Protein chains: 2
Amino acid sequence: MSQINIKKLAAALGLSTSTVSRAFRNNSDINPLTKERILRMADELGYSPNLYASNLRESKSKTIAIIIPEFDNNFFSQAIKGIEQQARRNGYHTLIYVTEDDVKQEATFIRSLCNGRVEGVVMSASGEGLKHVHLNMLKERGIPLVFFDRCYEDVEATCVTGNDYESSYEATLHLIMNGCKRIAYLVVNKNVSIGKIRMQGYLDALKSAGLPCEDELIIECTNDKEEIYKSIKRSFEKMKPDGAFASVERLAMTTLRYCADVKLEIPSDFKLVCFSCLEIADMLNPPLSTIKQPAFEMGKRAAEILFEALCNKESVTEKQVILLPSTIIPRKSTAVVNNTKAIGL
Amino acid sequence: MSQINIKKLAAALGLSTSTVSRAFRNNSDINPLTKERILRMADELGYSPNLYASNLRESKSKTIAIIIPEFDNNFFSQAIKGIEQQARRNGYHTLIYVTEDDVKQEATFIRSLCNGRVEGVVMSASGEGLKHVHLNMLKERGIPLVFFDRCYEDVEATCVTGNDYESSYEATLHLIMNGCKRIAYLVVNKNVSIGKIRMQGYLDALKSAGLPCEDELIIECTNDKEEIYKSIKRSFEKMKPDGAFASVERLAMTTLRYCADVKLEIPSDFKLVCFSCLEIADMLNPPLSTIKQPAFEMGKRAAEILFEALCNKESVTEKQVILLPSTIIPRKSTAVVNNTKAIGL
DNA sequence: TTGTATGCGTTATCAT
DNA sequence: ATGATAACGCATACAA
């Protein structure tokens with residue numbers, strides 16, 4: 001099936017390719033009638049300009065990429081939604097890549113984007129490797145990069161993230177105020193930017209309340225569900241925490257399961273708060289206290305910044321850090337109870 | 001900054017462009033040492049082949065598109081994950097488009113894909129308009145299409161979906177067996193393929209149990225949260241159902257909220273079951289009985305089929321319908337209770 | 001194994 | 001307002 005191209009269309013109309021080309025571009029001078037005639041015929045023959053020829057000619061792709069570490073998370077769905085919506089508004093296409101928390105994958109993806117495939121990248125970092133050379137390739141190619149949520153500190157790029165330190169501090173303090181004295185911190189990887197910052201908030205809150213921070217109350221989990229459960233079980237049995245602050249929703253869910261299994265009553269025996277974008281946190285049993293990040297906003301904002309950079313290529317691309325405030329929503333899982341048992345009568 | 005291209009690289013090496021080109025393609029004959037020399041120099045000068053020139057030359061893009069109606073849904077996150085993973089394995093890139101349930105958007109997206117941007121499309125349909133001409137464009141261009149979950153019946157394309165009719169029938173029967181006599185059916189749009197099929201299962205189950213089906217127990221909702229709540233309230237106040245089958249998770253969540261608001265006890269006064277991929281359905285209050293679709297599998301399978309078609313271009317592209325079975329997971333929200341109130345003592 | 005020459009489909013420049 | 005032509009960067013058929 002011989003593809004239709006501009007030459008054939010021109011021939012069929014008895015016109016030149018330049019005229020036909022003009023019909024598909026808005027600005028050029030062309031007789032409205034001719035244009036109409038061309039478009040009609042194009043429609044009939046099923047012609048539309050070949051994308052790759054145009055892109056080659058104009059050296060632009062009208063495409064951006066989103067790179068995220070995972071997908072199992074409400075946060076990322078919502079953020080992507082914000083990015084995609086913004087891209088659509090700007091007439092851009094959106095490529096999506098999931099690294100599954102693998103920095104090597106991330107590097108591979110980035111490399112595959114540098115040959116003109118995209119004009120910009122919005123990304124949430126996948127790890128905390130030390131050399132982020134792969135990201136420099138983008139800069140060399142003049143491809144702007146905007147981080148959201150998880151950033152690499154050593155990379156010069158604007159980052160749209162949450163006020164994680166403050167939120168973590170507050171959430172921990174919230175647990176303390178409501179009576180917790182032995183608070184566990186649940187984290188996937190305490191060396192990754194986000195795990196680290198959130199931990200700092202936790203540590204500082206403990207300190208400011210004069211509570212000791214015990215290493216074994218910092219529970220580092222993997223991404224594997226079984227493993228998470230085991231880590232929690234091990235640490236809880238030994239350390240007997242009376243509360244926990246989970247840096248990631250998934251860890252809180254496993255904690256809830258563990259508590260149910262060992263009949264640890266929430267909130268009387270144990271309190272729990274976590275970062276989460278779950279819309280139905282209030283319908284859980286018990287209703288879960290959450291730190292809610294503005295995920296959609298974050299994605300949208302990151303994309304907006306990217307498109308600004310794309311418009312004024314000349315604009316100063318200084319590294320900016322934009323913090324969008326999270327909201328702490330206290331629910332039953334951290335409520336104060338008249339805990340007669342604990343008081344002793 | 002004058003971009004580096006194959007000519008400059010060749011010049012820098014004192015070689016011809018063809019030799020350089022060969023170094024980046026695996027099959028061609030080339031002296032390994034030359035190749036190595038070229039690659040090293042390329043790395044140094046930051047050269048990689050221009051994507052659009054290559055694509056134009058080879059007329060292939062190594063890209064597929066995913067088109068989905070919405071993003072707020074666990075089902076789609078998981079399905080996309082399956083598709084993206086499969087694409088990655090096949091060395092393809094993945095464009096994503098969200099229609100927000102707008103068939104016009106869908107058509108616009110499709111059109112923008114027909115100029116060579118993608119080699120294939122995986123999509124979940126956004127509506128039930130009658131003319132799906134926009135999809136014929138794909139066929140004309142020889143771009144294979146695979147539906148997942150929601151299909152257009154009039155379009156000749158393979159569809160990977162759930163055994164929705166059977167699941168709906170069973171779920172409704174489950175409610176009946178557990179004592180419900182006035183069962184509501186909650187649906188976003190009863191004319192869309194999936195809403196229609198699921199309704200048929202519901203209706204047939206009622207019929208086979210000898211229960212009447214009352215029109216006003218079929219509650220058609222929009223996508224707007226407020227509206228959903230109002231529709232449910234209106235119908236529930238008038239029709240006093242003692243159970244409901246929700247074709248979409250979101251509707252069930254609103255139902256739960258409504259029940260809480262009006263102190264309708266679940267499962268004693270009212271039972272609820274719904275389609276949902278929520279992993280934490282068992283942690284809701286009450287634990288929610290669900291029909292769980294294999295979302296990840298569905299996406300994966302749809303992508304696999306697409307890539308098969310992409311490999312053997314010649315393969316018979318007959319319309320196939322592949323049904324992946326869902327699992328009904330009964331939980332407390334549909335449990336039988338010793339309902340002394342109801343029995344009258 | 002390497003080089004030469006041509007064309008992929010489009011758009012911009014220049015001429016008419 | 002329209003047409004002729006060159007160039008975008010690459011990959012292949014063919015020649016050496």
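Note that this is a predicted model, so its numbers are computed, not measured.
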Spacing of [X] atom [atom1] relative to [N] atom [atom2], expressed in whole Å:
X        : N      : atom1 : atom2 : answer
B/Asp29  : C/dG3  : CG    : C1'   : 14 Å
B/Arg37  : C/dT1  : CZ    : C1'   : 13 Å
B/Leu15  : C/dT2  : CG    : C1'   : 8 Å
A/Arg141 : D/dG9  : CZ    : C1'   : 14 Å
B/Asn55  : D/dA11 : CG    : P     : 10 Å

Q.
So, OP1 or OP2 of C/dG3: does either fall under 4.0 Å of a side-chain N or O from B/Ser18?
A.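 For B/Ser18, the contact criterion (side-chain N or O under 4.0 Å from OP1 or OP2 of C/dG3) is not met.
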Q. Within the pair B/Thr19 and C/dT2, is there a side-chain N or O less than 4.0 Å away from OP1 or OP2?
A. no
Q) Does B/Phe307 have any ring-ring contact (aromatic ring centres under 6.0 Å, His included) partners at least two apart in sequence or in another chain, and if so, which? A) B/Tyr92
Restricting to nitrogen or oxygen on both sides, can you table the protein-nucleotides 6-10 of chain C pairs closer than 3.5 Å?
{"residue": "C/dG7", "atom": "N2", "partner": "B/Arg57", "partner atom": "NH1", "Å": "3.0"}
{"residue": "C/dT10", "atom": "OP1", "partner": "A/Tyr47", "partner atom": "OH", "Å": "2.6"}
{"residue": "C/dT10", "atom": "OP1", "partner": "A/Asn50", "partner atom": "N", "Å": "2.8"}
{"residue": "C/dT10", "atom": "OP2", "partner": "A/Ile6", "partner atom": "N", "Å": "2.5"}
{"residue": "C/dT10", "atom": "O3'", "partner": "A/Ser54", "partner atom": "OG", "Å": "3.1"}

Q. Which pairs with one or both residues in residues 33-44 of chain A pass side-chain hydrogen bond (donor to acceptor under 3.5 Å, both in side chains), sequence neighbours excluded?
A.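 Non-adjacent pairs meeting side-chain hydrogen bond (donor to acceptor under 3.5 Å, both in side chains): zero.
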Q | Listed partners of A/Asn191 passing side-chain contact (heavy atoms from CB on, under 4.5 Å), at least two apart | A | A/Asn189
Show me the donor-acceptor pairs, under 3.5 Å and distance only, between side chains in residues 45-52 of chain A and residues at least two apart or in other chains.
{"residue": "A/Asn50", "atom": "OD1", "partner": "A/Tyr52", "partner atom": "N", "Å": "2.7"}
{"residue": "A/Asn50", "atom": "OD1", "partner": "A/Ala53", "partner atom": "N", "Å": "2.8"}
{"residue": "A/Tyr52", "atom": "OH", "partner": "B/Arg117", "partner atom": "O", "Å": "3.3"}

Q | For A/Cys114, disulfide (SG to SG under 2.5 Å) partners two or more places apart | A |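 If we apply the disulfide (SG to SG under 2.5 Å) test to A/Cys114, skipping adjacent residues, there are no hits.
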(Q) Is it the case that the side chains of B/Thr99 and B/Glu106 hold a donor-acceptor pair, with the cut-off being a distance below 3.5 Å and no angle test? (A) no
Q. When we call it a touch if two heavy atoms are under 4.0 Å apart, what does B/Thr34 touch: a base, just sugar-phosphate, or nothing?
A. sugar-phosphate
